[in-house]
Each structure stands twice: as structure tokens, then as C-alpha cells.
Amino acid sequence: MNFKRIGDNLWEVPKEGNMKVPVRIVASEELLEMMKMDLTIHQAINVSMLPGIEGASFVMPDGHQGYGFPIGGVAAFNMESGIISPGGVGYDINCGVRLLKTDMDHAELLGKKHSLLVSMFKNVPSGLGSKGKVRLRQGDMDEVLEHGAKWAVENDYGWKEDLKYTEEGGRMPSDPRLISEQAKKRGSSQLGSLGSGNHFLELQYVSEIFDERAAKAFGLYEGQAVVMIHTGSRGCGHQVCSDYLRTMEKALKKYELVLPDRELACAPIASQEGREYFKAMSGAANFAWANRQMITHWTRESFESVYGHSELEMLYDVAHNIAKEEQHKGKRFMVHRKGATRALWKDRPEITPDYKSVGQPVIIPGSMGTASYVLCGHENASEFFGSTAHGAGRVLSRSKAIKRFRGEDVSDDLGKRGIDVVADQMRTVAEEAPEAYKDIDKVADVSHEVGIATKVARLLPLGVVKG
DNA sequence: ATGTGC
């Protein structure tokens, strides 16, 4: 493959053959080598052949192979000639993270840390197939799909201010009638649950500040205890993705779309199928925002019951798997981010006035037992449609990780390092062993050095609740 | 990621 180095941490596969744009990869030499080990680059090249793609088919530093599109992929499509694709968003629609700030120093929290984790584990249903503890009434699910985090707040799960610190205010326009009964059924019993895989609820503390000015604007300081929530739209988003992949596969002929890979199934943005998927996807995204909002509420209740007070304010809530209509350089695009984080710079209208003078908080979770980062969107990201990485990214598949590690050993090792693990299944702990992931510090460094989102704070784990 | 499959 023809790789051209175009910057310190920037590579290009030039446009040739059926490619409509080049592939651009944000990575160090080492991270690029990891991407060459699977189909990441091959998939990014396939994406560059899709109708209406503009700029480039991008791969972020944590890129790895996914369904059709690479994870860590960003692709922006012209609103007139472009397509929208469920594979460009992923199965876990609006998988994302939010960070809650405590008013406690981490030393203050340590004494009752284990009780707190156990309380959070009890308060937030977790694990594969886990069911929420809320019984939705007839019609409630449609309200969730339509109003997202706003529904949750109106039903006393959290504070009105939380919405201000959530992308899109925790709600995108949707139409519940475009979401199948099956997706609604799977979702309604799971609302307010963590799920499995890499999803977690983690107690962390700010171990290092890199940018005092941004940290101050974000309300972060060294030693501060924080809570990170990582989950998505559960079976609801999964079902929406499956449903519309099938719809779009059927529609390929109708729109005379010839694709390099069936997994890229898509439809023109302006077509009925395209518009319906976008609205259904938005409904599943709303479900995920409501989900994280409810988990926020129960986390606050856990703090309340263990420490007698809870002042958990939100830093921000970011989506990692989503398509959004956005303006870039005076034009509107359907920006697909799959395993990528929006990273908007200061003065962009999407950002809450509280952060407008510095830029959007970008929250990047590490793997279990490793650091996480808060970064700040920078104007350099305009070359990447306002995007950066979303996490460490796997190096070992789940199946390989299970063969190589025992959950009990992983948990013991973390325990020795002062990180408590409370998990539904030890199998998941093995799947999520830190060694199965890339080095988050290196991913954050590349984002920082390229200047697309710059480092504000490094967070270290104290304890984790796993599915 | 996922009622861990067509």
C-alpha cells in the first residue's frame, strides 16, 4: 500500500482507482503499524469510494477494524450527493461517555471507596442482557425515543443543568414510528442499565493538569475525584442498526449503488431510506442519552447514601458512535463518527456558553486500569471535520483476550495496584484486560501533538464497575 | 457493542 507521510503524525493513502478522496490517518509510526495488522486501512479505502464523500476518509489514532467502516473512522458526506450508512455509525448507536465532577479530593473518597462501588453496582444494573429496574408504562418508550435525556430529567432522573452539558442537549429530532417494535421491546426493559463489553462505571481522580486555563473553565483541579460513565443504547440501538442494514441492503439496487463491501450498505441522505435511518438512529441516540442520564442519577444516589451528600456536576457527555448534520467551512455535511469524538473549538455555536471561550471538552476513556483523558477541541480539528479519537482501541480481539487472560488474575492485578473491580462476569474482565488495548497515553499524545484536541487533564482509576 | 448466528 502506498503510504505518504504528510506530517509528524499524519499519513495519506493518495486517491487512486475508484477512490473519490484520499485516506488520511492520524497516527504515530507505532500506531500506524498496529493499524496495518488488520483491515483498518483497507476499510478506510473502501469508505473513500462512497458517493458524496468529501475531504478524506479519516482514521483516528485509535483506529481498528470494524463492521464495514473502521472504528476510529470519520467520514463526511455532501448533503445532496452523499449517502448515510448504519455501518458508519456502528451497532451501539450513541455509545458515549460522560464525566461527573465531585467536590471531593480523592483522599476523602478512599475510606468508603469499596462501599461506594458496591452501592453503584447495586444501583445500576449491569452485564450482558441486564434489565433496567424501571418499569416503563405504555407509551413511555416513545417518549424516551423522542425526548432522550430531557425525558429522563423531566422524570426526576437528574438536573435540568445536565442537559446543557450534553451534546445536542441530549436530544436529536426523531420519529419513534420509524423504530421497530422489536427495537422498542428490547430497549424498554433495558433503559437505565450499563450493559457489557467495554462499558463501565469508573471512579477516577485528576492526576495531572496540562492546561490550567481550560481546566479552570471545565472546573477540574488536581486531586479531584470524578466519575466516568461509559455506555450506549443497549439492545435498542443494536436492533435499529440491524433493521436498517437490511433495509439499505435491499435498497442498493434501487439507487444503483455499487459498493466495494456489502457491509457498507447505505442510501442517499435525501432518499426515504436515508432520512428514515437518520431519524431512527436519532431515536436510538436519544435512548442512549436517557440511559446515561438515569445512570447519572443513580450514581448521585450512591454518593448520597455513602457520604451523606452528592454534588456531582456534569463536565460533559460526548457521543462516540453517531452521524450528525454539521456545518464545516460554510457547507453542511452528514458527518459519520464511528469510534470517534466530536472535537469542536472555541466559538462554535454547538458549545455551551460556559465553555465557549476554550472549546468543547473531549472525554477519552482508557482501557480498564489505565488512564483516561479530558482534552479540549481545537481549530486544527477543522481539517478533520471537528473530530478526534475515542479511546485506546483494541489490539487483541475479544476471543484472543479470553484465551490469553483469566478474569480473576486481571482483577487481582488491578487490586494490587489499588484499583477495585466489581464485575458482573469475570469473562468480561478477561475480555477487557488492559493488555488487550493500545496505550491510551500514546493516543492522547498524538491528538495533542497534531493539535486537533489538546490535553487538559489526565485521570487515573480508583475503582471500576464492569458489566 | 449485542437475547455473543443464517
Side-chain angles (χ1 to χ4, degrees), chain A residues 38 43 62-73 85-97 124-132 141 179-201 229-246 249-250 262-263 265 280-281 283-285 287-289 291-292 295 318-323 336-341 365 367-368 390-403 407 423-433 436-437 465-467:
Chain A
D38 61 24
Q43 291 182 327
D62 51 342
H64 59 110
Q65 181 181 331
Y67 180 91
F69 289 61
I71 294 161
S85 172
V89 171
Y91 274 93
D92 191 3
I93 295 167
N94 191 8
C95 177
V97 284
V124 181
S126 54
L128 186 69
S130 53
K131 291 205 187 323
M141 184 59 184
I179 293 175
S180 68
E181 284 309 313
Q182 204 180 2
K184 289 177 188 174
K185 195 179 155 200
R186 283 178 74 177
S188 64
S189 61
Q190 292 179 330
L191 184 62
S193 66
L194 194 62
S196 180
N198 63 359
H199 291 165
F200 62 73
L201 202 50
I229 299 170
H230 181 194
T231 186
S233 52
R234 310 285 284 105
C236 175
H238 192 274
Q239 192 63 48
V240 168
C241 182
S242 311
D243 290 342
Y244 280 89
L245 276 171
R246 216 176 45 174
E249 265 189 44
K250 277 194 236 159
R262 275 176 75 89
E263 293 184 355
M281 180 217 73
F287 181 95
W289 277 313
N291 198 25
R292 290 197 285 277
I295 293 172
V318 297
H320 284 165
N321 283 0
I322 205 160
H336 293 61
R337 293 191 186 89
K338 180 188 192 177
T341 315
S367 53
M368 194 172 52
H390 86 305
R394 278 196 170 271
V395 275
L396 287 181
S397 68
R398 289 173 199 281
S399 51
K400 277 188 183 150
I402 290 170
K403 276 185 194 152
D424 182 69
Q425 274 201 320
M426 276 302 138
R427 180 194 164 92
T428 307
V429 177
E431 273 181 14
E432 295 300 311
Y437 282 86
V465 174
K466 288 294 297 180

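In what follows, chains carry the letters A, B, and so on, assigned in the order in which the sequence lines appear, proteins first and then strands, with residues in each chain numbered from 1.
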(request) Nearest whole angstrom, please: distance from the C1' of B/dT2 to the CD of A/Glu432. (result) 14 Å
(request) Kindly indicate whether the side chain of A/Val89, heavy atoms from C-beta on, has any atom under 4.5 Å from the side chain of A/Lys338. (result) no
(message) Tell me the interatomic distance from A/Ile93, atom CD1, to B/dT2, atom P, rounded to whole angstroms.
(response) 13 Å
(request) Looking at every strand, decide which applies to A/Ser242 at a 4.0 Å heavy-atom threshold: base, sugar-phosphate, or nothing. (result) nothing
(request) Using only side-chain N and O atoms of A/Arg398, determine if any of them is under 4.0 Å from OP1 or OP2 of B/dT4. (result) no
(request) May I ask you to test the A/Lys466-A/Met426 pair for a side-chain heavy-atom distance under 4.5 Å? (result) no
(request) Report yes if at least one side-chain N or O of A/Gln190 is closer than 4.0 Å to OP1 or OP2 of B/dG3; otherwise report no. (result) yes
(message) Would you call the rings of A/His336 and A/Phe69 parallel, tilted or perpendicular, taking 30° and 60° as the class edges?
(response) parallel
(message) Expressed as a whole number of angstroms, how long is the span from A/Asn291:CG to B/dT2:P?
(response) 10 Å
(request) Grab the CD-P distance between A/Gln182 and B/dT2 for me, whole Å please. (result) 16 Å
(message) Quick check: do A/Tyr67 and A/Leu245 have side-chain heavy atoms less than 4.5 Å from each other?
(response) yes
(message) Could you tell me how far apart A/Leu245 (CG) and B/dT2 (P) are, to the nearest whole angstrom?
(response) 16 Å
(message) Under 4.0 Å, heavy atoms only, any strand: does A/Leu128 hit a base, just the sugar-phosphate, or nothing?
(response) base
(message) Using whole Å, what does the distance between atom P of nucleotide B/dG3 and atom NZ of A/Lys185 come to?
(response) 13 Å
(request) Take atom CG of A/Leu194 and atom P of B/dT2, then tell me their distance rounded to the nearest Å. (result) 9 Å
(request) Nearest-nucleotide wise, let me know which of A/Arg427 and A/Gly197 is further upstream toward the 5' end of DNA chain B. (result) A/Gly197
(message) How many whole angstroms separate atom NZ of A/Lys131 from atom P of B/dT2?
(response) 13 Å
